[in-house]
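The structure appears below as structure tokens.
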Amino acid sequence: MGMILGKICVETPKYELIQSTADYEIRKYPASVIAQVTYDPTQFKGNKDGGFMLLANYIGALGNPQNAKPETIAMTAPVITKSSEKIAMTAPVVTKNGDGESNMVTMQFILPAKYTKAEEAPKPLDERVMIKEEGERKFGVVQFSGTASDKVVKEKVENLRKCLERDGYKIIGDYELARYNPPWTIPPFKTNEVMIPVE
């Protein structure tokens, strides 16, 4: 019942609140270990969240964990998605052309804080799932409820960008979308965040 009403009952990343304004927050996140998959949504019939099942299988959220131990890894929130202009892969490196044809999506699960190095996390059996470390990062963040549709996210990103630039922050990358609740949560109770990395 709690998940339907938006209660977040799993580990979420700790952060240091640097600044809070009427429009956004500036947060500093410590280093973390993540499981990620990068894919073209057309592989999943246009579903931008197609990578979710690969990551859920890796941690064992849907049955036997698909990792070398096999070890069940606790689910955390949020699930992060980003449509990057440049996505580094083992090979090749995919870049978005100027005409915007390439629409690769990267989805990430932040692994529980007990994993402090990538090699501490169980090795994925599916080669599409990659484990990596992310260093300490600073973001401009705006939180909102409801369904994170493309239209709503675009508006939030544009507004946050304007506010950050107005206040003298240097944007150093593409936005990330953080979603904290399962799809069946009633939309008004969903917690979403748009995060833009700043210097």
Working for side-chain contact (heavy atoms from CB on, under 4.5 Å), residues Val79 and Met107: CA-CA 7 Å; Val79 172; Met107 180 174 281; 3.8 Å; yes
Atom pair NZ (Lys45) and CD (Gln43), whose distance is rounded to the nearest 0.5 Å: 13.0 Å
For Val129 against Ala35, the heavy-atom pair lying closest together: CG1-CB, 4.4 Å
Remaining members of hydrophobic cluster (4.5 Å side-chain criterion), Leu177: Ile18, Tyr24, Ile26, Val142, Phe144, Val152, Val153, Val157, Leu160, Leu164, Tyr169, Ile171, Tyr175, Val194, Ile196, Val198
Straight-line distance of Gln108 CD to Met130 CE, nearest 0.5 Å: 11.0 Å
Derivation and outcome, salt bridge (Lys or Arg N to Asp or Glu O under 4.0 Å), residues Lys151 and Glu155: CA-CA 6 Å; Lys151 181 175 182 272; Glu155 286 168 6; 3.4 Å; yes
Taking every non-hydrogen atom, the tightest pair across Ala121 and Leu111: CB-CD1, 3.7 Å
Test side chain to side chain contact (heavy atoms under 4.5 Å, CB included) applied to Lys162 - qualifying residues, sequence neighbours left out: none
Heavy-atom pair of closest approach, residues Ile80 and Met195: CD1-SD, 4.4 Å
Set of ring-ring contact (aromatic ring centres under 6.0 Å, His included) partners for Tyr15, sequence neighbours left out: Tyr29
Listed partners of Glu16 passing salt bridge (Lys or Arg N to Asp or Glu O under 4.0 Å), at least two apart: Lys28
For Glu127, side chain to side chain contact (heavy atoms under 4.5 Å, CB included) partners two or more places apart: none
Nearest non-hydrogen partners of Leu62 and Ala56, listed with the distance: CD1-CB, 3.7 Å
Minimum heavy-atom distance between Ser20 and Glu25, given as atom pair plus value: OG-CG, 4.0 Å
Closest contact, heavy atoms only, Pro112 versus Ile73: CD-CG2, 3.5 Å
All pairs passing salt bridge (charged side-chain N to carboxylate O under 4.0 Å, His left out) where residues 181-198 contributes a residue, at least two apart: Arg27-Glu193
Asp40/Lys48 ion pair, N-O < 4.0 Å: no
Sequence-distant partners of Thr191, side chain to side chain contact (heavy atoms under 4.5 Å, CB included), two or more places apart: Ile8, Gln143, Tyr180, Asn181
Spacing of Lys154 atom NZ and Asn159 atom CG [to the nearest 0.5 Å]: 13.0 Å
Point-to-point distance, once rounded to the nearest 0.5 Å, from CG of Leu54 to CZ of Phe109: 9.5 Å
Contact list for residues 58-72, test salt bridge (charged side-chain N to carboxylate O under 4.0 Å, His left out), sequence neighbours left out: Lys69-Glu71, Glu71-Lys114
Distance, nearest 0.5 Å, that separates CG of Asn192 from NZ of Lys156: 9.5 Å
Any residue meeting salt bridge (Lys or Arg N to Asp or Glu O under 4.0 Å) with Arg128, in chain and number order, not counting sequence neighbours: Asp126
Donor-acceptor pair, side chain of Glu11 and main chain of Ala113, under 3.5 angstrom: yes
For Pro13, the option from Pro30, Pro78, Ser32 that meets side chain to side chain contact (heavy atoms under 4.5 Å, CB included): Pro78
Within residues 51-68 or reaching into it, pairs that qualify as side-chain hydrogen bond (donor to acceptor under 3.5 Å, both in side chains) - sequence neighbours excluded: none
Partners passing side chain to side chain contact (heavy atoms under 4.5 Å, CB included) against Lys117 (at least two apart in sequence or in another chain): Glu119, Glu120, Glu133
Qualifying residues under ring-ring contact (aromatic ring centres under 6.0 Å, His included), relative to Phe44, sequence neighbours excluded: Tyr39
Polar contact flag, side-chain donor to acceptor under 3.5 angstrom, Asp23-Thr21: no
Side-chain donor or acceptor of Thr76 paired with backbone N/O of Thr12 under 3.5 Å: no
Ion pair Glu134/Lys132, N-O distance below 4.0 Å: yes
Atom pair NZ/CD1 of Lys170 and Ile172 - distance to nearest 0.5 Å: 8.0 Å
